[in-house]
Each structure stands twice: as structure tokens, then as C-alpha cells.
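Since the structure comes first, as C-alpha cells, the remarks are kept for the end.
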Number of protein chains: 2
Amino acid sequence: MVKKDIVALLRLHGIHPSAQRVAVGEYVLDTEEHPSADEAWSRVKKKFPRISRATVYNTLNLFVKKGLLHSLALAEGKLVFDPKMDRHHHFIDESTGKIYDLPWESLSVSDVDGLHGFEVRQYQVVVRGKKKST
Amino acid sequence: MVKKDIVALLRLHGIHPSAQRVAVGEYVLDTEEHPSADEAWSRVKKKFPRISRATVYNTLNLFVKKGLLHSLALAEGKLVFDPKMDRHHHFIDESTGKIYDLPWESLSVSDVDGLHGFEVRQYQVVVRGKKKST
DNA sequence: GTTCGTGCAAACGGTTTGCAACAAT
DNA sequence: ATTGTTGCAAACCGTTTGCACGAAC
């Protein structure tokens, strides 16, 4: 994914592609990591030293509102962002705190729609443990 | 669950049952709600007006450390506490933010142990939607 | 009198907001 | 000129911490 694609992607979602937004998008919309806002900020700052925290936070929230990102409250104390917009599960490494995507098909949950009294809109499995060093 | 039981429970877990801790425990260890620390604080304050936030926070953390509570980062921005210590799933009402326990047997997840590269220690299904008014 | 628990207030970390300066059109 | 975006700093909210007072043994 290159710069031009990010610009097009932002436009497609009704977001004016300012230089700062593109810089944030280039990192956060094309990563398998699950960066926190501050991680995104310090990362983007390398290439764009004058960008402010507020701009990064505002941009990330804008991306979430416009459907380019999900924000996750899986770890304690801070939100992380996930550009993978199709459904999937999450694995959290308890020793490192790192979050990994698990493909939707790698697990299957039965009886979700049979929950009486609850109208299910979405669900995911959250798995915790340790990633094998492989 | 009455006061005496809480005292016994705390003792059983090596926690000195001070009046404040018992007051916190009476609420938070015997609820199906999933109170945040501040909710617990204001709730306990009704019966114990001079209790401080710090005491409530310290007490809750102590309970977690001693295995009487789980702390959950399911909702954005704050932790909530859950005295249900056996495994179960969670349903989050997206309009109210309320969290409900789902019995472990109400759902079943297949293939969790087949995740290659991951050593699974625990997992749960997190379901979001709307609770039916019923 | 030593130990432990408490209350207060200050500090903290992550996030948000108000606002003035600045593009861009 | 209007509209939208940025940077800065202050505010904010949930949580933790330092410390001196107080209760219990």
C-alpha cells in the first residue's frame, strides 16, 4: 500500500487527505500491529516531526468514525487501533501484551444466535496465552 | 451472602477484614453487575460516607491480587470488576454499556487448541448487541 | 510501639478540548 | 471571507502513589 492508495482511501471515505492525515494513515492503516495512539504518534513523528498529539488523536478518531479503523479496549488502560475491518478474533500474548489477529475461520463458535434474551450484532473470541517462539 | 460470609471469605484469602474492606466486599463480591471502581466507591459511600477513593481502589486491587475478583477491560476507558471467578463469556449491550455474564455452556468454541503457534491459556467469547427488553 | 489500614491530596498516563494561527478554496 | 485543519497547552478522567494520622494488637 503506497501513499497514493491512502489518499484515495481517505477520499473514498470522505476524509480530506491532509499531509498529516496521510502520514498517520500510511502507518496505521497498513499495519498488522495494533498500535496505540501514542505509538502511532511517535511513529509518525519520525517522518513528520512537527505533528502534534492532538492531530494524531483526532485523526485516529476520525478514521474510526469513518469506518477505516476499529478501536479496541482489549488491554488495560489504553485503546489500540486495528485496520483489519473484516471480522476476526484476537489473541493477546500475556507476557508481551502484543495483540495478534486470528482469522475468522480458525475458530468457530456455536449457538451464538441461540442466546435467549440477547440480540447479537457481533462477537469475537478473545484468546489469551503465550505466542510460541517458533 | 451476608456480612459474616464476606468476613470469612476475606480471611480465607488472607485479607484482614477491616470495616471498609468488608463494606466494599459486600457490594462488589455479591453482585451480578460489573461495577467500575468509581461505581463501587459511590455505592459503598452511601453506607460508609468517609471512605476514600484510594481505599476502594486499593481494596479492589487487593481482591484481584488475592483471587476474589477479575478486572475486565471490556468497555472503553475504564476497568470493571467481576466477582464471577469461574469461566464464562460476556455480552455487552452497545446502547447501555452494561455487561452481562453468559454461562460457559451457552456457547461453544471449537478449534481453540488447534491454533498453531499459540499456547492458549484462556479464552472467552465477547458478544455485542442489544439486550432484549423482556 | 510496631504494624497495618485509612484518608487526603498530589501525581500520573492516556485522551480530549478550547483556542488562536493557519491553510486552502 | 469562509471553511476546515493544525499545534499548543490546559483540562479531563480514571487510577496510583506518598505520606502522615489513627486503630489494633
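Just so we're on the same page: letters track the sequence lines, and every chain starts at 1.
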Atom of B:Glu26, atom of B:Asp30 and distance for their closest heavy-atom approach: O-CB, 3.7 Å

Spell out, as yes or no, whether a donor-acceptor pair under 3.5 Å connects the side chain of B:Thr55 to the backbone of B:Ile51. no

Here the distance between atom P of C:dA23 and atom CZ of A:Arg21, to the nearest Å, is 16 Å

With a 6.0 Å cut-off (strictly less than), is the heavy-atom count around CZ of A:Arg121, excluding the residue itself, greater than 12? yes

Regarding A:Tyr57 and A:Asp38, do their side chains bring together a donor and an acceptor under 3.5 Å, going by distance alone? yes

For C:dT16, does either OP1 or OP2 sit under 4.0 Å from a side-chain N or O belonging to A:Asn61? yes

Ring centroids only, cut at 6.0 angstrom: are B:Tyr123 and A:Phe91 within range, meaning strictly under it? no

Give the nucleotide from the list C:dA9, D:dG7, C:dT15 with an atom nearest to the side chain of B:Ala54. C:dA9

Just how far, in rounded Å, is P of D:dG4 from NZ of A:Lys65? 12 Å

Nearest-angstrom distance from the residue atom CZ of B:Phe63 to P of D:dT15: 16 Å

Of the candidate nucleotides C:dT6, C:dT17, C:dT15, which contains the atom at the shortest distance from the side chain of A:Asn58? C:dT17

Nearest to the A:Arg50 side chain among D:dT6, D:dC8, D:dT15, which nucleotide is it? D:dC8

Mind calculating the distance between CD (B:Glu76) and P (C:dT15) to the nearest angstrom? 10 Å

A:Asp38 has an atom CG; how far is it from atom C1' of C:dC12, in whole Å? 14 Å

What is the distance from CH2 of A:Trp41 to P of C:dG13, rounded to the nearest Å? 13 Å

Could you tell me whether the phosphate oxygens of C:dT6, OP1 or OP2, come under 4.0 Å of any side-chain nitrogen or oxygen in B:Ser18? yes

To the nearest Å, give me how far apart NZ (B:Lys78) and C1' (C:dC12) are. 19 Å

Phosphate OP1/OP2 of D:dG7 contacted by A:Thr55 side-chain N/O (<4.0 Å): yes

Phosphate OP1/OP2 of C:dT16 contacted by A:Tyr57 side-chain N/O (<4.0 Å): no

Quick one: which of C:dG5, C:dG7, D:dT15 gets closest to the side chain of B:His16? C:dG5

Short side-chain N/O contact to C:dG7 OP1/OP2 from B:Arg53, under 4.0 Å: no

Can you check the A:Glu39 CD to C:dT15 P distance for me, whole Å? 10 Å

